[in-house]
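I have placed the structure first, in the form of structure tokens, so that the comments after it can refer back to it.
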Amino acid sequence: MKLTDYVTLGRSGLRVSPVCLGTMTFGTAWGWGADEGAARAMFDAYVDGGGNFVDTADIYTGGQSEELVGKFVADRQLRDRVVLATKFTFNTEKGNPNAGGNGRKHVRRAVEASLRRLGTDYLDLYWLHCWDMVTPVDELVRTVDDLVRAGLVRHVGFSDVPAWYAARAQTIAELRGLEPVVALQLEYSLVERGIERELVPASQELGMAITPWSPLAGGFLAGKYPADGGGDGRLAKHRGSGNPAFDRMTARNYEILDVAIAVAREVDRPVAQVALAWLLGRPGVTSTIVGARSVEQLAQNLGALELTLSAAQRTRLDDVSRIIPGHPYTFFTDAAQNMMYGSARVTRWRPA
Ligand SMILES: NC(=O)c1ccc[n+]([C@@H]2O[C@H](COP(=O)([O-])OP(=O)(O)OC[C@H]3O[C@@H](n4cnc5c(N)ncnc54)[C@H](OP(=O)(O)O)[C@@H]3O)[C@@H](O)[C@H]2O)c1
């Protein structure tokens with residue numbers, strides 16, 4: 001696979017690279033990440049390799065990420081070529097509840113601010129960043145449809161939402177002829193497979209592409225954090241913080257990492273590439289959002305596009321990272337389904 005093996009984003013006509021450039025590391029306002037020079041080098045390497053899909057958010061590095069992306073796109077005159085995606089939801093003004101969330105008032109204000117920072121008059125993809133637990137889904141579906149009608153946004157996606165919320169939005173949009181949700185952006189990696197229970201099947205049924213975030217669990221799957229402490233990187237800075245985005249050093253995760261390291265030795269590749277290659281081949285995964293702090297890390301990660309794991313290697317990785325299904329998912333297995341099919345073999349039709 002190459003960056004130029006473009007794929008349509010869910011049930012849409014938008015063509016994107018199979019790896020998207022994550023830019024949460026663009027800017028140093030959060031105490032980690034890349035300065036302007038390093039960020040520009042990553043952007044240039046990605047687009048020069050044929051990559052066309054760039055992900056940012058209004059919240060990243062307090063707006064620096066959007067500003068840098070806008071500048072790099074403008075300097076290279078790539079606005080028409082790049083699929084530019086950003087997000088709304090997180091609060092940008094302390095004490096003002098309508099300066100965050102997914103209500104109409106904030107979304108309209110957020111889109112204007114993002115367009116300004118990005119230096120453009122439209123977004124190719126506008127993500128709801130996170131479910132706010134209060135905005136009615138029909139208000140949201142109408143609000144983002146209005147943005148598309150107004151020419152400010154081309155397509156709409158949801159990040160970090162429950163499956164029922166995405167399914168309800170998609171159904172309302174379909175029945176009312178409003179703008180559909182074309183993609184779901186969700187955490188997915190060898191150490192975080194929770195979305196396989198509900199969100200992956202929903203995405204396949206409803207025509208929504210999965211674009212995984214933190215595919216290396218914030219760097220843990222690069223294998224640079226010894227179990228007994230230390231290591232150089234984002235997670236070391238926040239070790240023991242209690243924040244689930246940074247607390248990856250669990251016994252279970254090291255067990256998974258050990259198998260990934262064994263596979264990496266067999267194929268003579270960095271373990272980060274093994275973790276990414278596993279993810280690129282998972283059902284529903286359309287474009288994986290990679291993160292990097294330097295052009296060297298990015299180059300190494302893009303190397304995963306050319307790595308094919310054997311079926312036996314994939315099975316070992318699947319097995320060690322398997323999640324407990326829990327109720328009611330234990331019923332959705334071959335053994336339980338046989339009780340319904342009378343042991344006859346039945347396969348569900350899926351579009352090619
Ligand atoms: N929707 C959401 O809620 C959400 C949440 C998070 C991220 N995202 C998106 O997903 C993108 C990727 O997320 P992420 O940055 O967490 O991805 P990730 O791939 O899990 O972690 C990337 C970090 O791992 C380390 N790393 C990456 N490649 C490496 C390599 N080859 N060798 C050694 N270390 C390496 C670097 O950090 P250090 O060098 O500092 O260790 C890098 O910044 C973001 O940029 C953003 O666009 C979305």
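As a basis for the values below, the full set of heavy atoms in this structure was taken, side chains included, without hydrogen atoms, waters or symmetry mates. In listed order, ligands and their atoms are each counted from 1. Computed from a predicted structure; not experimentally measured.
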Candidate pair Asn52 and Ser17, rule side-chain hydrogen bond (donor to acceptor under 3.5 Å, both in side chains), full reasoning: CA-CA 6 Å; Asn52 77 338; Ser17 292; 3.2 Å; yes

Near ligand 1, at a heavy-atom separation below 4.0 Å: residues by chain and residue number: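 Shell around ligand 1 (4.0 Å, heavy atoms): Gly22, Thr23, Met24, Thr25, Asp55, Tyr60, Lys87, His129, Ser159, Asp160, Gln185, Trp213, Ser214, Pro215, Leu216, Ala217, Gly218, Gly219, Ala222, Lys224, Tyr225, Gly233, Arg234, Ile289, Val290, Gly291, Ala292, Arg293, Gln297, Gln300, Asn301.
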
Residues that Gln337 engages under side chain to side chain contact (heavy atoms under 4.5 Å, CB included), provided they are two or more places apart: Phe332, Met340, Tyr341

Going by atom types alone, do [X] and [Y] pair a side-chain donor with an acceptor below 3.5 Å?
X      : Y      : answer
Trp131 : Asn102 : no
Asp58  : Ser114 : no
Trp127 : Asp55  : yes

Centroid-centroid under 6.0 Å between Tyr126 and Phe88 rings: yes

